[in-house]
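One structure below.
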Amino acid sequence: MIQTDTSGVRRPDPCCFVIFGATGDLTQRLLVPALYNLAATNLLPDHFAVIGVGRADLTSDDFRNGLVEALGKFATRPVDRELAKKLFNNLSYVQADPSLDGSFDTLCARLLDVEDRYRTQGNRIFYLATPPAGFAPIVKALGAAKLVGEEDGGPWRRVIVEKPFGTDLGSARALNGDLLSVLDEDQIYRMDHYLGKETVQNITMLRFANGVFEPLWNRNHIDHVQITVAETVNVERRGAFFDATGTLRDMVPNHLFQLLSLVAMEPPSRFEAGAVRAEKAEVLDAISHYTDEQALANSVRASYGAGTVNGETVVGYREAPDVSPTSTTETYVALKLHIDNWRWAGVPFYLRTGKALSARKSEVAIKFKAAPFSMFRETPVERLAQNFMVLGIQPDEGIRLHFNAKVPGPAIRIGGVDMRFKYADFFEAAPSTGYETLIYDCMIGDAMLFQRADAVEAGWCAVEPFQRVWRETKGAGLATYAAGTNGPSEADALLGRDGRSWRHL
Ligand code: BG6
């Protein structure tokens, strides 16, 4: 077991952490447990305070009590009362609404008071944990109240923006425009929680800390790549949000494209935010832009019907609460993409993601080209096991290489075997929500794990052809699958046409 090494870990500057959407689900389930985990691992600044902002009329005591309760429910490690008390003592609540003139005056006064009391030196993080409609108005109101300005050598001001960042290319551009009219790009931290996952970050280490893989990592040796994010959860209580959003927008330009860009980007010249983010944006920008016809031929969208997932009966998507009975929103997407550059010319990237599937599994599978011929007469090339390298993101965290070996015995027989690395065998995982690294990185000013404006826009640009053609064809191309299955047969046909098949879920 290799212990996590915390030597050389930078202690963040003193700062005040202001949460918009402070009474919402995200704050309770993820942000507060993450702040607690940071406190428990001694990664919060020595001088630190939290201000919750919301529309509800609450006292700081009400707010604090709500969060104590939430921590009791959602903490990912046993809660030490003294430590929790210390964290919650530095916490207060302000009622504010960006649409009301002067509403940020109270926030301004509270900030100055808190900064003085807790000696946070004027450094501020504003975390926008609100519905997306709130992002631009809040940032504009922060600008108008002069709460986010920076001066040379003065305190820093940073804004974390949750996903979804826009709903298409136009709205993402407009939102970037609004934010950049108040803030500099290096003050904006666009969140994608997939980048907080160790297994996702490890894709970079696997590729660039090892000499052995990089020579193989191109069109000469790789046949195709499969990226899967399969979920067993259904839309549950999120019907209203989901029906207006759909799986493509909810998952592809963000989470799936994070995986794709880390697997496919060129080696950055330095391991620092500017260089890494430039390469990620570049590769997203190289995704082929399909015509309407190509977009239809290279995509499958489907919604789930009634079925059974993990032994539980699930009603069909259109019967779910807050979903229109005539909805044409997709809960499953499969795409075949190409990356137009020298490294990847001719190598298809197949992406699939969906809800209410038979298994929860996120992985990137790299399929290497088959041996050119088989000298083993009894086993023709087609019967050899396929050489897959599988990067398991969750819940099976690890890396697996599938290759051929001799089956012991006098006859020449060949069988597929696995070489396997499991995180849990080597590293002790700290209990986490996945948000700790991202909050910590924002506190130390490292934007590597956040999305830059150009990458967000390149991502939307790549899905734009699908959005366009699906809008035009309305529900016409929508397939179905029963909840609890592996998805629609049309997705199998998408690979079948190329003589390939999806890995088992
Ligand atoms: C969120 C999506 O961003 O990611 C959800 O809105 C999805 O629909 C979730 O379920 C998946 O995240 P994870 O970490 O559970 O894979």
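Note that the numbering runs from 1 along the sequence shown for the chain. Counting starts at 1 for both ligands and their atoms, in listed order.
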- Query: Any ion pair linking Glu397 and Lys197 (charged N to carboxylate O, less than 4.0 Å)?
  - Reply: no

Report all N/O contacts between ligand 1 and the protein shorter than 3.5 Å as a table of atom names and distances to 0.1 Å; if there are none, say 'none'.
unit_1: ligand 1; atom_1: 3 (O); unit_2: Lys163; atom_2: NZ; d: 2.8
unit_1: ligand 1; atom_1: 3 (O); unit_2: His255; atom_2: NE2; d: 2.7
unit_1: ligand 1; atom_1: 4 (O); unit_2: His255; atom_2: NE2; d: 3.3
unit_1: ligand 1; atom_1: 6 (O); unit_2: Lys163; atom_2: NZ; d: 3.1
unit_1: ligand 1; atom_1: 6 (O); unit_2: Arg238; atom_2: NH2; d: 2.9
unit_1: ligand 1; atom_1: 6 (O); unit_2: Asp250; atom_2: OD1; d: 2.6
unit_1: ligand 1; atom_1: 6 (O); unit_2: Asp250; atom_2: OD2; d: 3.3
unit_1: ligand 1; atom_1: 8 (O); unit_2: Arg238; atom_2: NH1; d: 2.8
unit_1: ligand 1; atom_1: 8 (O); unit_2: Asp250; atom_2: OD2; d: 2.6
unit_1: ligand 1; atom_1: 8 (O); unit_2: Lys355; atom_2: NZ; d: 2.9
unit_1: ligand 1; atom_1: 10 (O); unit_2: Glu231; atom_2: OE1; d: 3.3
unit_1: ligand 1; atom_1: 10 (O); unit_2: Glu231; atom_2: OE2; d: 2.6
unit_1: ligand 1; atom_1: 10 (O); unit_2: Lys355; atom_2: NZ; d: 3.3
unit_1: ligand 1; atom_1: 12 (O); unit_2: His193; atom_2: NE2; d: 3.1
unit_1: ligand 1; atom_1: 14 (O); unit_2: His193; atom_2: NE2; d: 2.8
unit_1: ligand 1; atom_1: 14 (O); unit_2: Lys197; atom_2: NZ; d: 2.6
unit_1: ligand 1; atom_1: 16 (O); unit_2: Tyr194; atom_2: OH; d: 2.5
unit_1: ligand 1; atom_1: 16 (O); unit_2: Gln394; atom_2: NE2; d: 2.7

Pair Tyr127, Glu162: side-chain N/O donor-acceptor within cut-off below 3.5 Å: yes

For residues 305-320, the side chain to side chain donor-acceptor pair (under 3.5 Å) pairs (sequence neighbours left out) are Asp243-Tyr317

| query | Can Arg207 be said to sit on top of Phe213's aromatic six-ring, NZ or CZ under 6.0 Å from centre and within 45° of the ring axis? | reply | no

Any side-chain donor paired with an acceptor under 3.5 Å for Tyr481 and Asn486?
no

Paired with Phe450, the side chain to side chain contact (heavy atoms under 4.5 Å, CB included) test is passed by just one of Asp441, Asp192, Leu195, namely Asp441

